[in-house]
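One structure is given below, encoded as structure tokens.
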There are 2 protein chains.
Amino acid sequence: MTTLKDVAKAVGVSPSTVSRALADSPLVNRETKARILRAAMELGYERNEVARALVMGISGAVGLIVPDITNPFFSDVARGVSEIADRAGYGVILCNTDGRPDRELSYIRLLRRKRVDGLIVCSATLRASYVSDLAAAAFPYVLVSRLSLEPDAPYVITDDRAGARLAVEHLIDLGHRRIAFIGGPENVQSSRDRMASYLEVLAEHGLPDVSAWRCHTDFTQGAGREAGRRMLSLDEVPSAIFAANDVIALGVLEVAEGLGLPVPGSLSLIGYDDIRYAALPRIQLTTIAQPAVEMGQIAADGLLAAVKAGIAPTLQRVLAPRLVVRSSTAPHSE
Amino acid sequence: MTTLKDVAKAVGVSPSTVSRALADSPLVNRETKARILRAAMELGYERNEVARALVMGISGAVGLIVPDITNPFFSDVARGVSEIADRAGYGVILCNTDGRPDRELSYIRLLRRKRVDGLIVCSATLRASYVSDLAAAAFPYVLVSRLSLEPDAPYVITDDRAGARLAVEHLIDLGHRRIAFIGGPENVQSSRDRMASYLEVLAEHGLPDVSAWRCHTDFTQGAGREAGRRMLSLDEVPSAIFAANDVIALGVLEVAEGLGLPVPGSLSLIGYDDIRYAALPRIQLTTIAQPAVEMGQIAADGLLAAVKAGIAPTLQRVLAPRLVVRSSTAPHSE
DNA sequence: TTGTATGCGTTATCAG
DNA sequence: CTGATAACGCATACAA
């Protein structure tokens, strides 16, 4: 690899002059600058960003921590983050935690050792102490889609309680009274909020809380199949299921019809996220939309702006969820 | 940030000793090692990997270049890469090119400036000259899913000609004779191979090559809708469409039924990749499966093994595609 | 306008 | 077993 020194030698100037020329500093003769640039080109010089990072104290990379990049919601977030980061010349280091707190922690540690300039965390569990550590260390980070208990954490989320309310009220409006909820992990804020809101709306409408009709599970299709199968085999089977994300809903869809319960004929089904596969004509899943790509963009924007300004990110952005009615929900008919 | 020096000072030893202790070198007294470790812990010392990378000449990161992380095929590959990289303590830097050669090039440059230890490229266009540059510079890289013209490039692919053959022969076996092909970008090897194989199989069976029944387009749902709409509006409409990936197929599915052509009743449809959404009960897309996660794993494995050994990756792995018959294809009935 | 010297935080070499 | 010392490649304050 050719270094600054090499091109300095080739041109017959000092390394500092080359450094300045490459940084397009005004304090260097136009003509020598031209010579330097040409030599750098010819020698195929590529600045060593590692060395630069060491001296400048900035690495030009941010960490992105998601539970699972194959979940369309998170790949959309990643896409949004990536777009903004790229534009600013930043790299984004991707980490999949599978929602396991131990992995979250070890990733955070790895990324901090790598001296990333900031962190975007979509994987926070509720009592993730490392979030407090980040805050205490004044390390720049933004939470996306999931809050932790840290009081003043910067974040970009949608209003999960409002979203869940939209979903449950939609079902109630359709005449459903036996409404089940398949939630995500219990240690995740968005999961809990959706559950809380589900219970709240039920109560408001004088509907009973049947414990067999609600559960916490993983945000995966397999978990959706399992929970769906269980609930749909109950003596008193729900007439509608609210799934805490679309992937779970798709899992429920998979088993429902196998059990002779056509959707929406015998079972209304509503998801959360509005992943693009929810919109397929054969699927037409009613759902609560979250603007995942945009959330990634906003988070990256806020993070990088703060990083550049040398301050802690302050954005606390709550976006509005949106009910998207398709044809997996229908009026209740007995 | 506390540094090596800080903990050295705290313990009252030299930085070199601390460095050795932290590296668990045997040439350091058990007791002093213990003291150092404890002090490091108490001071919250985290090794600066940037400095380490500079002196060691290795960055502990690999670059992953994909067209679009929101495409399930590539998020699966990313998942596989990430798993292996993590296990080895490597970070993976994600880049989305949207298939644009200029962006591929600028990413490669960025990643090389960042001194990543290797590159996994899923986005190579056929005549990507940077691949030759990588080869010429003996820079470790592995191509995944798409070849370039570089003769001895290391790669992990599936046999695209065989896969396309499986698809077209499946349709022919079902009695179809008006078979269309919606290909991916023309500058992508896998696209071209699938097209070539399509034409070849057609010829072998004495079927005509109708130019309106084949095209190159993007690997996106929108492109699938557009191409599908065009082909299905022809005077002589195909009875079967082979789409070069599942995402395109899903786009076709979207428009077909809108045009009054139920799948598979009036139109048989076969995709490629076997993304997980192809398996949904409502979708049941017949497709050619590629083991995306495994491909990512194999590539990362081969890359990292070579990097650690200080040699160029040599793996040239061709996996077998597999026909997965579901219910988007049916016997031709006139 | 250019060059010299110094430091960023490590690791590695070489004495002790 | 431990400690100076140099070096990795670059940026910058300070001199000239």
Side-chain angles (χ1 to χ4, degrees), chain A residues 1-37 39-40 43-61 89 109-117 308 310, chain B residues 1-37 39-40 43-61 89 109-117 308 310:
Chain A
M1 281 274 93
T2 77
T3 74
L4 251 182
K5 248 181 230 168
D6 297 330
V7 357
K9 206 168 301 172
V11 182
V13 296
S14 79
S16 10
T17 304
V18 176
S19 175
R20 282 188 282 255
L22 262 30
D24 202 31
S25 157
L27 356 153
V28 46
N29 186 293
R30 292 188 54 79
E31 199 224 327
T32 49
K33 187 184 289 187
R35 274 166 53 219
I36 290 172
L37 259 35
L43 295 175
Y45 171 77
E46 296 274 9
R47 168 163 73 194
N48 184 330
E49 299 284 354
V50 174
R52 181 170 215 257
L54 181 58
V55 44
M56 306 274 287
I58 52 170
S59 69
R109 276 219 252 269
L110 174 65
L111 292 169
R112 293 198 60 182
R113 283 203 307 274
K114 284 188 176 300
R115 295 298 188 269
V116 294
D117 297 324
K308 284 174 188 164
Chain B
M1 282 272 95
T2 78
T3 73
L4 248 182
K5 252 179 225 169
D6 297 330
V7 356
K9 207 168 299 170
V11 181
V13 295
S14 78
S16 347
T17 304
V18 176
S19 175
R20 281 189 283 255
L22 262 29
D24 202 33
S25 157
L27 355 153
V28 45
N29 187 293
R30 292 189 54 81
E31 200 223 327
T32 50
K33 187 185 289 188
R35 274 165 53 218
I36 289 172
L37 259 35
L43 296 175
Y45 172 77
E46 296 275 9
R47 168 162 74 196
N48 185 331
E49 298 285 353
V50 174
R52 180 171 215 257
L54 180 59
V55 44
M56 306 274 287
I58 54 169
S59 68
R109 277 219 252 268
L110 173 65
L111 292 169
R112 294 199 60 183
R113 283 203 306 274
K114 284 188 176 301
R115 295 297 189 269
V116 294
D117 297 324
K308 285 173 187 164

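Since the structure is predicted, the reported quantities are computational estimates derived from the model, not experimental observations. Naming: A, B, ... by sequence-line order, numbering from 1 per chain.
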Next item on the list: Please state how far atom CD in A:Glu31 lies from atom C1' in C:dT2, giving the value in whole angstrom units.
Entry: 14 Å
Notebook entry, point to check: What string of B, S and - do you get for nucleotides 8-16 of chain C, 5' to 3', when a contact is any protein heavy atom under 4.0 Å?
Noted result: BBBBBB---
Item checked: Sequence-distant partners of B:Arg47, side-chain hydrogen bond (donor to acceptor under 3.5 Å, both in side chains), two or more places apart ->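 So B:Arg47 forms a side-chain hydrogen bond (donor to acceptor under 3.5 Å, both in side chains) with B:Glu49.
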Checklist line | Residues in salt bridge (charged side-chain N to carboxylate O under 4.0 Å, His left out) contact with A:Arg115, at least two apart in sequence or another chain | finding: none
Next item on the list: Only counting residues at least two apart or in another chain, list the ones meeting salt bridge (charged side-chain N to carboxylate O under 4.0 Å, His left out) with A:Arg109.
Entry: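 Residues passing salt bridge (charged side-chain N to carboxylate O under 4.0 Å, His left out) with A:Arg109: none at all.
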Notebook entry, point to check: Which pair of heavy atoms, one from B:Ala53 and one from A:Val50, lies closest together, and at what distance?
Noted result: CB-CG1, 3.8 Å
Next item on the list: Could you tell me from which nucleotide to which nucleotide of DNA chain D, 5' to 3', there is an atom under 4.0 Å from chain B heavy atoms?
Entry: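 So the contact region on DNA chain D extends D:dC1 to D:dG9.
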Checklist line | Sugar-phosphate, base or nothing in reach of A:Val13, heavy atoms under 4.0 Å | finding: sugar-phosphate
Checklist line | Nearest-0.5 Å distance that lies between atom CG in A:Leu43 and atom NZ in A:Lys9 | finding: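 One finds 11.5 Å between CG of A:Leu43 and NZ of A:Lys9.
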Next item on the list: Output every pair passing side-chain hydrogen bond (donor to acceptor under 3.5 Å, both in side chains) with a member in residues 14-29 of chain A, not counting sequence neighbours, ordered by first then second residue.
Entry: A:Ser14-A:Ser16, A:Ser14-A:Thr17, A:Asp24-A:Lys33
Checklist line | With A:Lys5 via side chain to side chain contact (heavy atoms under 4.5 Å, CB included) - residues at least two apart | finding: A:Thr3, A:Pro15
Margin query: Just to verify, what does B:Ala51 make a side chain to side chain contact (heavy atoms under 4.5 Å, CB included) with, not counting sequence neighbours?
Written below: A:Leu54, B:Asn48
Margin query: My understanding is that only one of B:Val11, B:Val7, B:Leu22, B:Thr32 makes a side chain to side chain contact (heavy atoms under 4.5 Å, CB included) with B:Leu37; could you say which?
Written below: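 When side chain to side chain contact (heavy atoms under 4.5 Å, CB included) is applied between B:Leu37 and each of B:Val11, B:Val7, B:Leu22, B:Thr32, only B:Leu22 qualifies.
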Check: So what is the end-to-end bend of the helix from C:dT1-D:dA16 to C:dG16-D:dC1, with 5 pairs used at each end and the value given to 10 degrees?
Finding: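 The value is 40°.
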